[in-house]
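What follows is one structure encoded as structure tokens, with my remarks underneath.
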Amino acid sequence: MRPCLLLVLTLLGIAAQAAPKPNIVVFLADDLGYGDLGCYGHPTIKTPHLDQMAAEGLRFTQFYSAAEVCTPSRAALLTGRYPIRSGMAHNQYRVLRAISTGGLPKEEVTLAETLKSAGYATALIGKWHLGVWANDRPEHHPLAHGFDYHFGLMHSNDMNPSSVSKPARANALVQQQPEWWDAALYRGRDLLEPRTDQTQLTPRYAAEAVKFIGANKDRPFFLYLPHTFPHTPLFASERFKGKSPRGIYGDVLAELDWNVGEILKALKAHGLAENTLVFFTSDNGPWTLMGTETGGSSGPLKDGKGSTWEGGMRVPGIAWWPGKIKPGTTDNVATMLDLYPTMAKLAGAELPASRPLDGTDLSPLLLQGQSVDRGLFCYYRGERLFAARLGDWKIHFITQGSYGDPKAVTHEQPLLFNLARDPAEAHEVSAQYPEVVRRLTEAVAEHRKGVVPVRSQLIDVVTK
Ligand code: MG
């Protein structure tokens, strides 16, 4: 080999060593609304750690979950694909239930698997909700989907009413009685507690995460922390309970915020902050059906969880990476689907081949502040495409209110809103902009051509 070529190769090798793979931490709140954080304008909920994370990082004003409820949203995050492609959506059932036998198909390549293939240690600490694991369904465990370590609940905290202590009141979801719920806590495949004390979940998630970070500080890691809360029923530990002027919802968010603070503190203590991308978001909008006590707020946006109005799917999005991401706020449209290709790129991982991915790499926006046009974004409710956004414009073909609203309205003349001017979707302007209606309708028709629905995983249940 010629000496100069050898020198170049050596220098390239040194450069590669000098840029270690960044750690990746993803926090996913459950049913947290666009208006629920201090840094998104909530007047009484106190979230100082997230506010500081936003001040030091990049706060998105137009970040979207890729579905309007839990299961499809989580499938989208971990596959980078619209959930209709993986069968993780259904018009009637909406999410996986405790009695479901389906789950994320093993053919899907999760973000954890992709990062693992690039040398990452991987952990899921929190709520899974992509399959109810059982001995005869080993494929539904997070450990079968690329996670080396797992601690948490298999699904939402309200899915197994207690077998020993029946709720005394019909509105059990808004009460704070942990013994009313059989929320089974697992570490890996070991059942730790069949009815865990939910008041301790958020601090326990913090302790587990801090331990995982410490144990993996010398190698790249991916920590996925999908919180159990503020999904109802709501529980906070003694330290936070009864402290917030916003009531239990504010207590729960203060504790969730503290949890984020503990994990950022651990990253700093190990000298890892400058080599870690942290992203915070929510799986869908607030569960307004729960009322003002235990349901959240979508701020200026219309409606909440379950709906394809903005409040159902536009959520907080905060990216933090000291020294790499310039502090600021961005109105660049971005979605949960984009996290997969972005994180794979930063990790130097190969994207899964032979399948369509629906996200766009956001790294030019994160690292260079360049705008990224992610193109058409589709709002699915279950398996049906209800609406789509392109640029500032949003078109609705079908509308329906939040979870619980039985009425879907199909619009022969689609509704059109300019979200840059009218984020509340209060002024319908299709008659003024027929060209825009046509352009978005065509873009959606093109999208549909590339989508092959598969049988839903949300249908099948345990038969006795
Ligand atoms: Mg949710």
Side-chain angles (χ1 to χ4, degrees), residues 26-37 40 63-79 82-83 88-90 93-98 100 103-104 124-132 142 152-160 173-174 181 183 198 201-202 205 224-235 248-249 252-253 256 259 279-291 294-299 301 303-317 335-337 339 379-382 400-405 457-458:
V26 175
F27 291 101
L28 186 69
D30 195 344
D31 299 356
L32 176 83
Y34 184 81
D36 277 331
L37 301 180
Y40 280 81
F63 190 84
Y64 291 90
S65 158
E68 74 315 345
V69 290
C70 289
T71 295
S73 170
R74 286 144 208 275
L77 171 65
L78 286 185
T79 62
Y82 286 113
M88 295 299 280
H90 191 264
Y93 298 119
R94 316 294 294 277
V95 297
L96 286 167
R97 295 154 286 161
S100 295
L104 189 67
L124 182 154
I125 294 168
K127 168 179 165 178
W128 169 234
H129 213 179
L130 290 178
V132 184
L153 308 187
M154 284 293 164
H155 47 64
S156 304
N157 60 339
D158 65 337
M159 290 191 151
N160 275 334
L173 276 176
V174 301
W181 306 99
Q198 294 195 45
L201 275 181
T202 302
Y205 290 167
Y224 172 45
L225 205 165
H227 273 276
T228 291
F229 304 116
H231 191 287
T232 60
L234 297 173
F235 298 105
I248 182 66
Y249 194 88
V252 163
L253 278 192
L256 192 151
N259 169 296
F279 202 92
F280 179 94
T281 188
S282 176
D283 67 336
N284 49 251
W287 206 355
T288 50
L289 199 63
M290 293 296 119
T294 60
S297 166
S298 54
L301 309 176
D303 230 306
K305 173 179 178 173
S307 173
T308 49
W309 293 107
E310 287 295 285
M313 289 174 61
R314 196 193 296 197
V315 288
T335 81
M336 186 184 266
L337 295 164
L339 297 181
Y379 303 62
Y380 281 88
R381 177 177 172 123
Q400 190 168 6
S402 287
Y403 226 94
D405 180 358
Q457 293 286 325
L458 277 48

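Atoms within a ligand are numbered from 1 in the order they appear, just like the ligands themselves.
The Mg ion (ligand 1) sits nearest to atom OD1 when only the N, O or S atoms of Asp30 are considered. Of all N/O/S atoms in Asp31, OD1 sits nearest the Mg ion (ligand 1). Take the N/O/S atoms of Asp283: the one nearest the Mg ion (ligand 1) is OD2.
Among the atoms of Asn284, an N, O or S atom falls under 2.8 Å from the Mg ion (ligand 1). The nearest N, O or S atom of His231 is not closer to the Mg ion (ligand 1) than 2.8 Å.
Listed for the Ser402 side chain is a donor-acceptor partner under 3.5 Å among the backbone atoms of Gly304. Judged by distance alone, the side chain of Gln457 and the main-chain N or O of Gly103 form a donor-acceptor pair under 3.5 Å.
Among the candidates Asn284, Asp283, Asp30, Asp31, the single residue satisfying the side chain to side chain donor-acceptor pair (under 3.5 Å) test with Lys305 is Asp31.
Residues Met336 and Leu28 form a side-chain contact, since some pair of their non-hydrogen atoms from C-beta on lies under 4.5 Å apart.
Atom CZ of residue Arg314 and atom CG of residue Leu301 lie 5.0 Å apart, to the nearest 0.5 angstrom.
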